[in-house]
Engineer: 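Here it is, the structure, as structure tokens.
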Amino acid sequence: MLDLPGQPGCASIDGQAPYAELLWNTPSAGLSCAWDTGRAAVLQQPVTSTNIVLRGTAMLAQHQLAAEFTASRTESAKRFSNLQLTPNTTTQQLRYPRNAASQASYDRVFDTLLAAFPGSINAAQRGQPLSYRWRCIECGPREIETEADTQRIALTAEGPLFAGWDYRAGVLQAKSEAKSTLGGGYYYRGTTGTGASDGGPGIIPALNSGRINIFLYPGQTQSADGLAALEEGSARGVVLFGGEFTMTQTDISASGPVFKLPAGDAMAAVGFDLRTEEYKFNGDERATAAQRVILAAPFDQANVLLGAKRDVTAVFGELLLPLLPGLEATLAVRQDRYDGFGTTTNPKVSALWKPNSGFLLRGSYSTGFRVPTFNQLFNGAAESLFTGTTLVDPLTCPGGRPNTTQPGCAFIDRAAVIINGGKPDLGPEEAEMASVGFIWEPTANFSLGMDWWSVKREGTIQILSLTQLIDNFALFPERFGRDAQNRLISVDQRWVNAGETQTEGVEVNLRGGFNALGARFNAGLDGTYLLKKRSRVLPSVPFGPSEIGQFSLAGDLGLRWKHSAFVTYTRGDWSSTLSQTFRSGYNDQVLPGVAAGRVTPSNYNPKVDSYTTYNLGLTYNGIKNLTLIGMVKNVLDTDPPFAITYDSNFGSGSSWEPRVADPRGRAFVLTAQYRFF
């Protein structure tokens with residue numbers, strides 16, 4: 001109602017603004033109000049952690065035996081944006097009635113509609129229930145409390161063998177368990193799919209009773225009876241899910257000289273590693289008959305896994321060859337056998353040349369192998385309705401972008417299902433890595449290091465975005481489900497081994513220092529310059545355009561340059577450090593209205609600015625065994641640059657990019673460290 005003529009406007013409610021229908025290319029939403037979900041997300045959740053470490057060692061002849069036990073408990077509470085309720089004709093039949101409790105509010109809304117739309121609404125309709133979409137501010141933020149326990153037991157032995165060889169052997173078991181419980185902000189639905197009662201109180205029947213005024217205007221507050229109706233349907237305390245992961249490992253390695261070379265002994269290392277990984281995931285702990293529906297609670301029943309297990313066997317060998325004075329090479333190979341994935345062999349070759357004390361040249365080449373996680377393999381297929389305005393049918397819309405002026409390109413406004421979950425037929429991901437670089441240290445007070453590196457990955461395990469699937473419709477037609485009328489009804493967005501990525505860059509390291517005025521000054525810089533970042537969704541298609549400086553939904557953003565720099569001043573027991581963190585800018589995400597030409601660069605900035613912050617620290621070591629550290633993070637209280645990164649209805653990352661920036665502003669940290677021995 002707020003955005004209609006003569007009404008106070010969307011912005012009259014704290015946190016609201018008119019919906020940007022041009023930006024999202026949805027003209028039908030021109031009278032909607034939008035609420036800032038990002039402000040409701042907790043940036044730094046409260047965490048309580050308790051840890052214990054016990055370790056004992058004993059010498060038996062020349063052999064050292066050790067036992068170690070570690071355990072921890074972590075309690076955290078995540079908070080998300082308030083519950084949003086959207087009506088439908090089945091599971092959420094939201095209908096605002098006209099009765100004694102709601103009549104005043106109902107009539108105000110009806111009279112406003114009657115005046116604004118006299119051709120569509122008539123007075124005889126007064127009393128018919130009103131449908132609506134509502135953000136429940138009174139519900140408070142949604143909360144999920146998680147308790148995680150970990151423990152690790154390890155037994156190790158090490159010592160000499162013969163002829164200069166040493167050994168190390170160990171056995172360990174590590175285990176982690178976690179359980180998540182609903183806090184405030186979650187409510188029982190209270191109805192079945194037909195609208196009948198599900199056997200208990202819930203938010204839908206409470207709303208449909210009229211006890212809760214969902215049309216509060218500025219200055220109004222919810223009645224005590226309305227708040228009581230909400231509390232009656234609270235689902236606080238229901239266990240959401242839990243899981244357990246256990247790894248049992250045995251490893252033995254030995255190293256020592258094997259033969260002589262002109263520059264010294266060639267050294268070898270060999271070993272093997274046996275480990276068993278076990279995983280299980282528990283869903284809703286309630287008895288099946290008692291599993292009443294809780295709105296928006298991320299239950300994971302589709303992913304319940306009573307137990308999964310795999311064994312991994314690995315053998316490895318390494319040979320260090322001092323070929324000439326200052327020149328050495330290392331040859332290594334590792335072979336792994338994974339249950340269900342077969343055997344993979346991965347070599348590594350590296351070399352180091354130091355012609356004098358001030359210069360070092362180094363390089364390496366290796367391959368890698370990664371199997372899917374248990375979740376990526378065995379999570380069940382979960383279906384969720386797509387409620388956005390960016391989904392079109394690529395079969396009828398070659399451009400793949402919503403455009404109401406182009407036939408076949410209107411966004412799908414009926415129920416379409418997005419399928420997420422695991423894929424049991426996923427294959428492994430393989431990689432090739434190479435690097436070459438140098439360190440130049442002409443004096444004790446200055447050094448420069450540069451390293452070129454390259455990483456190539458094939459069969460990358462990833463989730464393709466809706467945009468990627470639509471843009472590559474011809475390559476993934478099986479991912480688009482259709483009904484008997486050939487209409488798009490579902491999109492399969494589960495994990496996939498998709499194509500190849502290539503990334504190259506240069507690492508730069510600078511260090512320098514001097515003594516002056518009775519103090520020591522040091523400075524340094526560690527930076528990365530990106531040379532190449534590109535990908536393709538299948539090996540059979542060409543690589544796409546460069547991804548450097550371009551927004552992407554998954555993985556790291558390809559920032560052209562990023563660095564950390566510092567200057568340190570040390571005098572006696574005191575030292576102070578001023579550090580800088582820099583991230584270069586990039587092209588922002590392109591929203592539907594921009595792609596359709598409804599929003600032009602004259603009133604829309606397509607670039608995300610660079611981001612620079614400064615930290616200042618002070619350290620004191622003047623008391624024996626005690627170190628005091630004070631720090632001011634983000635001294636200038638710099639805000640992150642604006643970025644379009646709205647991430648689902650939880651609102652995490654809204655208006656800022658969490659992969660680049662920290663939105664917490666200036667912070668003060670005081671640390672005291674004391675060593676007893």
Side-chain angles (χ1 to χ4, degrees), residues 1-2 13-16 33 35 37 40 79-110 113 126-145 181-240 284 286 289-299 385 387 649-650:
M1 302 298 102
L2 295 176
I13 298 293
D14 184 39
Q16 281 194 168
C33 292
W35 187 69
T37 60
R79 294 184 175 89
F80 310 105
S81 58
N82 303 47
L83 179 67
Q84 179 175 261
L85 292 136
T86 301
N88 59 41
T89 58
T90 54
T91 58
Q92 291 181 201
Q93 301 181 40
L94 296 172
R95 307 290 183 262
Y96 192 63
R98 185 176 187 266
N99 55 31
S102 64
Q103 181 175 338
S105 175
Y106 178 100
D107 286 344
R108 180 175 182 175
V109 171
F110 186 84
L113 291 171
R126 187 184 301 272
Q128 294 183 5
L130 299 172
S131 183
Y132 58 90
R133 186 182 187 189
W134 187 51
R135 176 76 67 172
C136 182
I137 303 302
E138 294 89 334
C139 292
R142 286 170 284 178
E143 301 173 331
I144 297 178
E145 300 171 353
T181 305
L182 296 180
Y186 286 98
Y187 294 84
Y188 291 105
R189 188 174 68 191
T191 59
T192 66
T194 61
S197 172
D198 70 354
I203 194 170
I204 301 297
L207 289 168
N208 291 348
S209 71
R211 295 169 61 191
I212 302 170
N213 183 4
I214 57 97
F215 292 108
L216 292 176
Y217 276 70
Q220 292 183 312
T221 57
Q222 194 64 247
S223 68
D225 184 54
L227 295 175
L230 282 174
E231 186 59 30
E232 290 167 7
S234 174
R236 185 183 290 106
V238 174
V239 174
L240 190 62
D284 194 338
R286 298 174 295 172
Q291 290 182 6
R292 300 176 59 217
V293 175
I294 300 173
L295 292 182
F299 282 106
L385 291 177
T387 58
N649 192 39
F650 291 126

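Quick note: residue numbers are just sequence positions, from 1.
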Engineer: Using a 4.5 Å cut-off on heavy atoms from C-beta on, say whether the side chain of Leu94 contacts that of Ile214.
Structural biologist: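 No, side chains not in contact.
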Engineer: Would you say the side-chain atoms of Asn82 pair up with the backbone N or O of Cys139, donor to acceptor, closer than 3.5 Å?
Structural biologist: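 The answer is no, because no donor-acceptor pair under 3.5 Å joins these two groups.
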Engineer: For the residue pair Gln16 and Leu2, what are the closest heavy atoms and their distance?
Structural biologist: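 Between these two residues, the closest heavy atoms are NE2-CD1, 3.7 Å.
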Engineer: What are the two closest heavy atoms between Ser131 and Arg95, and how far apart are they?
Structural biologist: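 Closest pair (atom of Ser131, atom of Arg95, distance): OG-NH1, 3.9 Å.
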Engineer: Does Arg292 offer a backbone N or O that forms a donor-acceptor pair with the side chain of Arg286 under 3.5 Å?
Structural biologist: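 Yes, the answer is positive, given that a donor and an acceptor are paired below the 3.5 Å cut-off.
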Engineer: Are any side-chain N or O atoms of Tyr106 and backbone N or O atoms of Pro97, one a donor and one an acceptor, separated by less than 3.5 Å?
Structural biologist: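 Here the side-chain-to-backbone pair does not exist.
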Engineer: Looking at every heavy atom in both Pro298 and Tyr186, which two are closest together, and how far apart are they?
Structural biologist: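 Looking at all heavy atoms of both residues, the closest pair is CD-OH, 4.0 Å.
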Engineer: Heavy-atom distance under 4.5 Å between the side chains of Leu230 and Gln222, does that happen here?
Structural biologist: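 No, too far: nothing below the 4.5 Å cut-off.
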Engineer: Write out all pairs satisfying ring-ring contact (aromatic ring centres under 6.0 Å, His included) with one or both partners inside residues 189-226, taking only residues at least two apart or from two chains.
Structural biologist: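 Of all non-adjacent pairs touching residues 189-226, those that pass ring-ring contact (aromatic ring centres under 6.0 Å, His included) are Tyr96-Phe215.
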Engineer: For Tyr187 and Leu83, which heavy atoms make the closest approach, and how far apart are they?
Structural biologist: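 That would be CD1-CD2, 4.3 Å.
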Engineer: Are the side chain of Arg142 and the backbone N or O of Ser81 linked by a donor-acceptor pair below 3.5 Å?
Structural biologist: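 Side chain of Arg142 to backbone of Ser81: a pair is present.
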Engineer: So, Glu145 side chain and Thr181 main chain: donor-acceptor pair closer than 3.5 Å or not?
Structural biologist: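 The answer is no, because no donor-acceptor pair under 3.5 Å joins these two groups.
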Engineer: Measure across Phe110 and Arg126 and return the closest heavy-atom pair with its distance rounded to 0.1 Å.
Structural biologist: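 Minimum heavy-atom contact is CZ-N, 3.4 Å.
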Engineer: Is any side-chain heavy atom of Gln93 closer than 4.5 Å to one of Ile204?
Structural biologist: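 The answer is no, as the side chains (C-beta and beyond) never meet within the 4.5 Å cut-off.
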Engineer: Keeping the roles fixed (side chain from Ser209, backbone from Ala206), state whether a donor-acceptor pair exists under 3.5 Å.
Structural biologist: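 At least one qualifying donor-acceptor pair exists.
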Engineer: So which atom in Leu207 and which in Leu85 form the shortest heavy-atom distance, rounded to 0.1 Å?
Structural biologist: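 Heavy atoms only, the tightest pair is CD1-CD1, 3.9 Å.
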